[in-house]
Amino acid sequence: MTHWIIAPVVLPALLAPFIVLAARYHIGIQRVFSVAGVLALISVAAGLAWQASDGTITLYQLGDWAAPFGIVLVADRLSTLMVLLTAVLALFVLLYAIGSEWDNRGRHFHALFQFQLMGIMGAFLTGDLFNLFVFFEVLLIASYGLMIHSGGNARLRAGVQYVLFNLLGSTLFLFALGAIYAEAGTLNMADLAQRVRLTDGAETVGIRLSAVLLLLVFAIKAAVLPLHFWLPSSYAEAPPPVAALFAIMTKVGAYAIIRVYTMIFSPDLDVTAGLHTTWLMPAALASLAIGMIGVLAARHLDRLVAFAVIGSMGMVMVAISLFTPTSITAALYYTVHSTLAAAALFLIVDLVRTGRADLNLIAQPVVPGAALTSALFFLAAIAMAGLPPLSGFVGKLLVLDAAFSTSAAAWIWAVVLSSSLICVVGFSRAGSTLFWKAKSMPVADEAAEPPATTPAPATLSYVAVGGLLALLVAHTVFAGPATAYMADISDQLFNPEPYIETVLDTPGKLSTPKEGY
């Protein structure tokens with residue numbers, strides 16, 4: 001057992017109250033501690049990912065209580081990948097928030113940011129369904145505070161909608177946990193995986209109900225159609241750095257589906273047979289189509305990017321719904337790509353906002369820095385649209401290849417290719433309207449120009465966006481090693497026995513009782 005596993009959860013959990021209590025009125029000190037905390041998270045996450053890269057599964061038992069009675073955190077290839085991705089994303093988002101001074105437009109930004117990281121890290125590392133629910137709630141509370149950061153009626157309305165939808169998901173989650181516990185008597189994932197396989201065929205109603213409810217809950221988190229209505233307004237109205245961090249939030253839902261439905265309700269399990277292909281795949285294809293149609297129909301740049309997130313999640317879920325080692329490999333590669341691309345686009349939205357009256361997709365006079373901003377938008381747009389040579393193109397090829405030999409290949413290829421074309425048209429329209437057509441408009445005299453609605457972006461803001469795009473380029477250049485590692489993750493997921501043995505066979509207090517007990 002190593003204590004480093006709990007560090008990604010404990011570090012932000014301790015740093016957040018420290019920032020509130022010791023540096024509440026000192027934004028400079030808050031920034032220093034927040035950046036230092038994220039850098040420490042990256043170091044720990046990189047160490048955990050390196051440790052897990054050879055297939056090692058590491059267990060942490062809180063209070064040294066053995067599973068399934070105690071709370072456990074588990075670090076394998078999948079969980080450490082997502083923890084490292086979150087930590088790296090958090091650094092660039094935090095740098096942008098500091099450079100643009102979004103963190104100084106409201107109170108407690110850095111404390112809420114750290115609590116958000118705590119919830120995300122815990123969701124990726126937990127080995128228990130109930131604690132997954134707990135970390136989901138931490139996510140909900142912190143994300144609501146971040147959503148309404150800097151105030152505004154529109155932001156408050158979107159925040160209320162966001163909370164209501166996620167509370168519905170939390171309620172369904174509790175119902176699912178109750179049904180599972182009543183049927184199996186445990187909520188530990190490894191223990192539950194064993195007990196579900198031993199369930200009598202005549203007593204599977206509760207298990208089937210739980211599997212369906214959990215899929216609904218995770219689909220809400222992943223914004224899968226028709227449970228996606230909360231996302232466009234919520235992400236569009238959120239402060240851009242917050243929306244960029246939220247790019248990893250939908251991936252929590254995708255992660256939960258991969259984890260639960262490869263370990264507990266595996267595709268070869270008779271109890272839940274057909275659940276993935278019958279229900280998840282049509283919803284995923286519809287999400288992909290609706291998301292990209294929304295990109296074409298959007299009249300505001302922030303909502304265009306929000307619909308692009310729905311479309312990218314649809315692509316991820318299409319790959320997941322196939323539930324083969326090849327498709328999960330494709331889903332994981334595309335997950336990393338879409339997280340970085342969506343985050344970069346949300347930050348670019350804020351750069352475009354500078355000097356403009358609004359984010360309407362109409363031609364307006366050229367603003368300072370438009371050339372650099374347009375270049376960044378062009379790179380991020382072709383990445384999100386899946387055009388070569390960036391990683392979006394590679395990810396889509398992997399998804400199409402995974403679907404080639406399946407019975408739904410024709411539908412998947414048709415929807416993926418047509419939605420990609422629609423996405424290209426939508427981003428092309430937006431880019432040409434914002435940057436190219438703007439050049440033909442006369443610029444008013446300097447004395448008559450209205451003041452900029454937002455301050456000019458600092459160099460640090462461009463560094464943050466450039467860093468995310470550089471990671472996308474690296475994800476493309478090293479697509480071979482990255483895909484090979486994703487394949488190793490997939491192999492580990494479809495062979496859960498080592499995970500189960502590590503969790504259940506590691507001794508703890510209850511497994512080594514004292515004399516007289």
Side-chain angles (χ1 to χ4, degrees), residues 9 12-13 16 86 106 108-109 111-124 126 128-182 187 206 209-239 242-243 245-257 259-260 279-280 283 287 290 303 306-307 309-310 313 317:
V9 180
T86 303
H108 308 309
F109 175 88
L112 290 169
F113 191 90
Q114 294 298 323
F115 275 128
Q116 183 80 23
L117 291 180
M118 170 195 168
I120 296 173
M121 299 298 188
F124 289 143
T126 184
D128 183 272
L129 281 179
F130 181 78
N131 286 286
L132 181 62
F133 166 78
V134 171
F135 285 118
F136 272 9
E137 295 311 295
V138 174
L139 285 176
L140 177 61
I141 296 170
S143 59
Y144 177 70
L146 287 172
M147 265 208 64
I148 62 174
H149 175 75
S150 80
N153 291 333
R155 192 164 291 144
L156 182 61
R157 286 195 299 269
V160 171
Q161 182 187 38
Y162 169 79
V163 169
L164 289 177
F165 267 92
N166 281 273
L167 284 178
L168 172 62
S170 299
T171 303
L172 292 177
F173 205 166
L174 280 178
F175 287 160
L177 294 180
I180 290 176
Y181 194 80
L187 293 176
L209 175 63
S210 303
V212 173
L213 288 178
L214 284 177
L215 188 61
L216 287 175
V217 171
F218 301 149
I220 291 175
K221 301 295 181 182
V224 177
L225 191 121
L227 306 171
H228 69 291
F229 295 106
W230 60 271
L231 190 146
S233 296
S234 300
Y235 280 38
E237 296 296 340
V242 175
L245 181 63
F246 282 5
I248 196 68
M249 293 268 288
T250 49
K251 309 308 184 298
V252 176
Y255 165 86
I257 291 176
R259 175 70 73 190
V260 171
W279 300 105
L280 186 57
S287 298
I290 292 298
R303 291 186 70 86
F307 276 105
V309 171
I310 295 175
M313 281 307 302
M317 298 309 296

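Here the structure is a predicted model, which is why all the values come from computation and not from measurement.
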Side chain to side chain donor-acceptor pair (under 3.5 Å) against Thr126, all qualifying residues, sequence neighbours excluded
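In terms of side chain to side chain donor-acceptor pair (under 3.5 Å), with neighbours along the sequence ignored, Thr126 is linked to no residue.
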
Within a radius of less than 6.0 Å around CZ of Phe175, do more than 12 heavy atoms belonging to other residues, nucleotides or ligands occur?
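Atom CZ in Phe175 is not packed in, count stays at 12 or less.
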
Might you confirm whether atom OH of Tyr181 has over 12 heavy atoms from other residues, nucleotides or ligands at distances under 6.0 Å?
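Count not over threshold, so no.
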
With distance as the sole test, does [X] use its side chain to make a donor-acceptor pair with the main-chain N or O of [Y] at under 3.5 Å?
X      : Y      : answer
Thr250 : Ala223 : no
Arg155 : Ile148 : no
Lys251 : Ala247 : yes

Quick one: closest heavy-atom pair of [X] and [Y], and the distance?
X      : Y      : result
Leu139 : Gly119 : CD2-C, 3.6 Å
Ala111 : Ala16  : O-CB, 3.4 Å
Ala154 : Glu237 : CB-OE1, 3.6 Å
Ala222 : Ala254 : CB-N, 4.2 Å
Leu213 : Ala176 : CB-CB, 3.6 Å
Phe173 : Val217 : N-CG2, 3.4 Å

If you round to the nearest 0.5 Å, how far is [atom2] of [Y] from [atom1] of [X]?
X      : Y      : atom1 : atom2 : result
Ile220 : Phe165 : CD1   : CZ    : 8.0 Å
Phe113 : Leu245 : CZ    : CG    : 5.0 Å
His149 : His108 : NE2   : NE2   : 11.0 Å

Taking Leu112 as the fixed residue, which of Leu117, Leu146, Val242 is the one that meets the side-chain contact (heavy atoms from CB on, under 4.5 Å) rule?
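In the set Leu117, Leu146, Val242, the residue that makes a side-chain contact (heavy atoms from CB on, under 4.5 Å) with Leu112 is Leu146.
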
Do [X] and [Y] have side-chain heavy atoms sitting under 4.5 Å apart?
X      : Y      : answer
Asn166 : Lys221 : yes
Gln116 : Met249 : yes
Phe135 : Val252 : no
Leu140 : Glu137 : yes
Phe115 : Ile141 : no
Leu280 : Met317 : yes
Leu168 : Leu227 : no
Met313 : Ser287 : no

For the residue pair Phe246 and Tyr235, does the interplanar ring angle fall in the parallel (under 30°), tilted (30 to 60°) or perpendicular (over 60°) class?
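The arrangement is tilted - the two ring planes meet at 30° to 60°.
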
For the pair Tyr255 and Phe124, name the ring-plane relationship: parallel under 30°, tilted 30 to 60°, perpendicular over 60°.
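Judged by the thresholds at 30° and 60°, the geometry between Tyr255 and Phe124 is perpendicular.
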
For Pro232, which residues count as a side chain to side chain contact (heavy atoms under 4.5 Å, CB included) partner, sequence neighbours excluded?
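Result, side chain to side chain contact (heavy atoms under 4.5 Å, CB included) vs Pro232: Arg303, Phe307, Ile310.
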
